[in-house]
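The structure appears below as structure tokens.
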Amino acid sequence: MNENNIVWHEGKVTYEDRCKNLGQEGLVVWFTGLSGSGKSTIAVEVEKELLKQGKAVYRLDGDNVRHGLNSDLGFAKKDRDENIRRIAEVAALFKDAGLITLASFISPFQEMRDFARERAGVDSFIEVYVKADVETCDERDPKGLYEKAKQGEIDDFTGVSSPYEEPENPDIVIDTVELTVEDSVEKILEVIVDE
């Protein structure tokens with residue numbers, strides 16, 4: 001199919017209409033950090049708390065998305081970029097639906113995190129850097145992945161055999177070496193509620 005034959009089809013319901021109906025604005029909260037840093041754990045708790053507050057919220061998780069939408073992708077840089085590109089597009093659609101979308105992805109490259117921010121809209125995107133050093137993540141290793149990577153069983157593993165570019169200007173830094181899950185959630189909710 002020729003790209004010139006694809007046309008965006010406008011509907012009769014606007015973003016503003018959806019937000020008014022839900023009583024909130026759409027937002028993408030993008031959690032980035034090494035495997036084992038605490039991204040998913042914190043996002044699960046943030047989702048639960050926002051739901052308690054009556055917010056329309058949905059959580060996208062790296063492992064979960066790779067079971068379906070991105071099951072055809074590997075972990076080479078090209079596939080990692082495509083993984084994040086797809087998620088950024090989905091998160092932007094959810095934001096347009098008026099949802100608060102929590103996206104938990106290692107997303108190791110700054111270029112793709114910038115792409116995700118651009119797709120959601122700069123004013124509708126919060127980047128949360130869930131910070132923990134490789135040694136701490138290796139000690140936690142909830143999935144046993146660091147050990148497998150060190151044994152050569154996993155190629156292109158972020159922090160071991162593939163780079164992680166620390167965020168240049170994250171909106172929130174959550175240092176999980178120093179903060180508890182509860183403190184982390186509280187810090188994130190303070191920013192989300194102010195949005």
Side-chain angles (χ1 to χ4, degrees), residues 1-33 39-73 80-107 109-130 167-174 181-182 184-195:
M1 178 180 261
N2 188 328
E3 279 183 17
N4 296 329
N5 297 328
I6 300 173
V7 179
W8 187 268
H9 189 172
E10 292 294 337
K12 293 186 177 182
V13 177
T14 66
Y15 169 68
E16 290 74 20
D17 294 333
R18 289 186 285 273
C19 292
K20 184 178 177 187
N21 193 48
L22 289 171
Q24 67 182 40
E25 290 186 12
L27 181 67
V28 174
V29 183
W30 193 277
F31 295 81
T32 179
K39 297 178 303 299
S40 295
T41 301
I42 294 168
V44 163
E45 295 302 322
V46 169
E47 181 183 36
K48 185 177 80 175
E49 290 303 316
L50 287 171
L51 195 65
K52 279 185 192 175
Q53 294 177 20
K55 301 294 184 185
V57 58
Y58 192 82
R59 184 177 51 84
L60 296 168
D61 185 81
D63 284 351
N64 296 355
V65 170
R66 280 187 178 268
H67 278 279
L69 178 66
N70 293 345
S71 62
D72 61 324
L73 299 175
R80 286 175 182 261
D81 286 350
E82 177 60 14
N83 181 52
I84 298 306
R85 187 197 68 77
R86 290 181 194 178
I87 295 312
E89 295 292 348
V90 170
L93 290 170
F94 282 13
K95 176 251 161 184
D96 190 51
L99 300 176
I100 297 171
T101 306
L102 309 175
S104 302
F105 295 84
I106 293 172
S107 43
F109 305 112
Q110 185 67 47
E111 175 186 17
M112 294 311 295
R113 293 191 300 265
D114 290 345
F115 174 80
R117 182 183 297 271
E118 179 185 314
R119 289 300 299 129
V122 174
D123 296 334
S124 301
F125 187 93
I126 298 172
E127 183 179 49
V128 180
Y129 175 28
V130 183
E168 294 170 0
N169 294 298
D171 300 292
I172 304 172
V173 176
I174 300 294
V181 172
E182 295 76 18
S184 301
V185 170
E186 187 176 319
K187 187 173 178 179
I188 293 164
L189 288 175
E190 285 173 5
V191 175
I192 293 174
V193 172
D194 286 346
E195 284 295 310

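Predicted model only: the values in this text are computed from it and were never measured. We number each residue from 1, following the sequence as shown.
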Does any non-hydrogen side-chain atom of [Y] lie less than 4.5 Å from one of [X]?
| X | Y | result |
| --- | --- | --- |
| V191 | I126 | yes |
| F109 | D81 | yes |
| V29 | V128 | yes |
| E89 | R85 | yes |
| L22 | K55 | no |
| V46 | I192 | yes |
| V90 | V65 | no |
| F94 | L60 | yes |

Heavy-atom pair of closest approach, residues [X] and [Y]:
| X | Y | result |
| --- | --- | --- |
| A116 | W30 | CB-CZ3, 3.7 Å |
| E127 | P170 | OE1-CA, 3.4 Å |
| A88 | R119 | O-CB, 4.2 Å |
| N64 | R59 | ND2-NH1, 4.2 Å |
| A43 | L102 | O-CD1, 3.5 Å |
| R113 | F125 | O-CZ, 4.1 Å |

Interatomic spacing from [atom1] in [X] to [atom2] in [Y] - rounded to 0.5 Å:
| X | Y | atom1 | atom2 | answer |
| --- | --- | --- | --- | --- |
| I188 | I42 | CD1 | CD1 | 5.5 Å |
| L99 | L50 | CG | CG | 11.5 Å |
| I174 | T32 | CD1 | OG1 | 13.0 Å |
| D63 | F105 | CG | CZ | 9.5 Å |
| D61 | S104 | CG | OG | 5.5 Å |
| M112 | E118 | CE | CD | 10.0 Å |

Does [X] pair with [Y] as a salt bridge, N-O distance under 4.0 Å?
| X | Y | result |
| --- | --- | --- |
| R86 | E82 | yes |
| D171 | R117 | yes |
| K187 | E190 | no |

I'd like to know if the side chain of [X] and the backbone of [Y] have a donor-acceptor N/O pair within less than 3.5 Å.
| X | Y | value |
| --- | --- | --- |
| E47 | Y58 | no |
| R66 | L73 | yes |
| E49 | L189 | no |
| D17 | T14 | yes |

Item checked: Geometric cation-pi criterion K95 and Y15, 6.0 Å radius, 45° cone -> yes

